[in-house]
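First comes the structure, then the notes that go with it.
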2 protein chains.
Amino acid sequence: MGTTQLESVPEPKYWHLRTVLSEALDSEFSVGEILPNERDLAARFGVARATLRQALEQLELEGRLQRRRGVGTTVAPPRVGVSVGTEQHAWPGTVGDDWQPADCRLEAASASVADALEIRHDELVHTVRRSRVTHGQPVAAELLYVPQSSVPALPAIDAPSGAARARAVLRELQRLELEGQDNAVELGSARADDAKQLDRLPGAPVLVVTTRFLTAGRTAALSVATYRADTCRLTFGDSGGVEIHQAPERRAS
Amino acid sequence: MGTTQLESVPEPKYWHLRTVLSEALDSEFSVGEILPNERDLAARFGVARATLRQALEQLELEGRLQRRRGVGTTVAPPRVGVSVGTEQHAWPGTVGDDWQPADCRLEAASASVADALEIRHDELVHTVRRSRVTHGQPVAAELLYVPQSSVPALPAIDAPSGAARARAVLRELQRLELEGQDNAVELGSARADDAKQLDRLPGAPVLVVTTRFLTAGRTAALSVATYRADTCRLTFGDSGGVEIHQAPERRAS
DNA sequence: GAGTGGTCTAGACCACAGG
DNA sequence: CTGTGGTCTAGACCACTCA
């Protein structure tokens, strides 16, 4: 990071700074390396700390940097590709997936969940919490909604709640014939509980994957999975498991 | 938006403010309505304008608000669902898709594009620019990379560049047999040119969809499509065109 | 020209990690 | 304890839209 001056240009300082830093990351830093702290960097480029932070935020959003309070700013490794919906005709909880059931509660559906499941707004749904871990890092938190009517044979007091109960619900689900599923992806911000599970601050950008599991013309279950947007690249493999290996396209200006 | 005071809580002010505003949006505002300006809102909640803006940024990221310089802040309509990869065994440019070819140039591939296409780094590729319009709004900008070797029969001087040339490349591509494709989705920020095409500022959050088109064991084309993250929900329909109609799950804390 | 959101500054204090 | 990033303030000026 040779230069110390920012020439006067019509484009915003933070954006220009982002570009300069991005190039410096490519050429002068390696993965895991720690950057100078924000106050030093701001002074070095002759800008206010807030302006520098705006540039760093961009780079963090793009998965180039990782910032941790009390520690520092480090160069992030390339995003990990996590496959979504590849197990296309498989229920959640099928052996071999890397989801880990954490909890299960039986509660009333929220309005939007009830709509998606096409059930009455007061019907109870099993709400299974799972988390997905890849390469030792938590990448996603999921809420899986299973209406009582989808698993009528579930033993009543097998276990009142907890991971064991979650596994029982998933087991029951697999007895149904899965006809299809549809996925949607959108940008969101982490709720406080998801954020904790993902080791991020509340409001961190996440990719929300909503999956409906269809069976016999109705929606048997609804999954809302929250992926860390900074570290994840979601892959939808439609071509028999071919994997993309190279780094993602750089989005630099 | 009745209250004027923010009680002291352990959570950040901007986050609490986001929640308060989000609830106000649900109950007291309708789509398209204009909010009070930022200076007034900040005063009303007793915070600095920067803090208020942090809350507004969150809500804009979540697709709840739309801000336009010189105009104001309005309540955004629900995100539009745009299907991606539903035309699963179809080449880009097939009749019926809502992409509009804009330009085509023949240039050397960048390193990452060449890697994805598995070609030499100095091979020339046709670079087709297209834009996608839904409901009258631009939702995506795409760069489609087609190596010369994928369309060897392309008439040499059909048209040197421009939309006509783009259509010619797409036409040639459709003569190949498409074996499959794989998609990846990740978060990015809009480059200056994409931003202009999408009617956003540089750095705006976008969902980057990377698609490889496979034929006879090799990658015949690569598409990098940039969707507005604030207004779009990407749908991956694997279930025969069933559509999700209800509003997305609210990500409120 | 008046009013909006977008950028930027120079400070302050807080929450957290680590020695 | 020190050092880090996270939050917050109270200003200023700029770029843009629209009447």
Side-chain angles (χ1 to χ4, degrees), chain A residues 6-19 21 33-61 64-76 189-190 192 195-196 199-205 230, chain B residues 6-19 21 33-61 64-76 189-190 192 195-196 199-205 230:
Chain A
L6 238 48
E7 65 261 37
S8 156
V9 283
E11 88 191 332
K13 276 190 189 176
Y14 79 91
W15 183 255
H16 185 230
L17 197 47
R18 184 209 80 111
T19 306
L21 286 170
E33 201 169 337
I34 304 179
L35 266 62
N37 72 53
E38 296 183 350
R39 290 162 179 88
D40 284 355
L41 276 179
R44 190 177 310 194
F45 287 102
V47 300
R49 192 178 154 218
T51 304
L52 174 84
R53 279 180 59 80
Q54 231 179 319
L56 294 183
E57 262 149 41
Q58 286 280 342
L59 291 168
E60 191 179 29
L61 201 77
R64 307 286 312 274
L65 290 179
Q66 195 159 349
R67 298 193 286 175
R68 270 173 305 168
R69 168 153 49 180
V71 179
T73 303
T74 57
V75 181
S189 47
K196 178 161 286 184
D199 191 26
R200 299 261 67 195
L201 293 175
D230 54 346
Chain B
L6 239 50
E7 66 261 37
S8 156
V9 283
E11 88 190 333
K13 275 190 189 176
Y14 78 91
W15 184 253
H16 185 232
L17 197 46
R18 184 208 79 111
T19 307
L21 286 170
E33 200 167 339
I34 304 179
L35 267 62
N37 74 53
E38 297 183 349
R39 291 162 180 87
D40 284 353
L41 275 179
R44 189 178 310 195
F45 287 103
V47 300
R49 190 177 156 219
T51 303
L52 174 84
R53 278 180 60 81
Q54 231 179 320
L56 294 183
E57 263 150 41
Q58 287 280 342
L59 291 168
E60 191 179 29
L61 201 77
R64 307 286 313 274
L65 290 180
Q66 196 161 348
R67 298 193 286 175
R68 272 174 305 168
R69 167 153 51 179
V71 179
T73 302
T74 56
V75 180
S189 47
K196 178 161 289 186
D199 192 26
R200 298 263 65 196
L201 294 175
D230 54 346

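Predicted model only: the values in this text are computed from it and were never measured. To find a chain, count down the sequence lines: A is the first, B the second, and so on, and within it residues start at 1.
A:Leu41 is not listed as a side-chain neighbour of A:Thr73, based on a closest heavy-atom distance of 4.5 Å or more. Proximity of B:Leu21 to B:Gln58: side-chain heavy atoms (C-beta onward) are nowhere separated by under 4.5 Å.
Contacts between chain A and DNA chain D, taken as any atom within less than 4.0 angstrom of a protein heavy atom, begin and end at D:dG3 to D:dT7.
With rounding to whole Å, A:Leu201 atom CG is found 18 Å from C:dC14 atom P. When rounded to the nearest whole Å, the span between CG of B:Leu35 and P of C:dT4 equals 12 Å.
At a cut-off of 3.5 angstrom, counting only N and O atoms as typed in the model, there is no donor on one side facing an acceptor on the other between the side-chain of B:Arg39 and the base of C:dG3.
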Stepwise side-chain contact (heavy atoms from CB on, under 4.5 Å) test for A:Lys13 and A:Phe45: CA-CA 10 Å; A:Lys13 276 190 189 176; A:Phe45 287 102; over 6 Å; no
side-chain contact (heavy atoms from CB on, under 4.5 Å) assessment of B:Arg64 paired with B:Arg18: CA-CA 11 Å; B:Arg64 307 286 313 274; B:Arg18 184 208 79 111; over 6 Å; no
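A:Glu38 and A:Leu52 make their closest contact through O-CD2, 3.2 Å (heavy atoms, listed as atom of the first residue, atom of the second, distance). Listed here is the closest heavy atom pair of B:Asp40 and B:Asn37: N-OD1, 2.9 Å.
Between atom CZ of residue A:Arg69 and atom CG of residue A:Leu201 there is a gap of 6.0 Å, rounded to the nearest 0.5 Å. Rounded to the nearest 0.5 Å, atoms CG (A:Leu56) and CD (A:Gln66) are 13.5 Å apart.
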Find every protein N or O atom lying less than 3.5 Å from an N or O atom of nucleotides 15-19 of chain C, and list the pairs.
| from | atom 1 | to | atom 2 | distance (Å) |
| --- | --- | --- | --- | --- |
| C:dA15 | O4' | A:Arg69 | NH1 | 3.3 |

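Each of B:Arg49 and B:Leu52 lies near DNA chain D, and the nucleotide nearest B:Leu52 is the one positioned closer to the 5' end. Annotation: of the two residues near DNA chain C, B:Asn37 and B:Pro202, the 5′-most nearest-nucleotide partner is B:Asn37.
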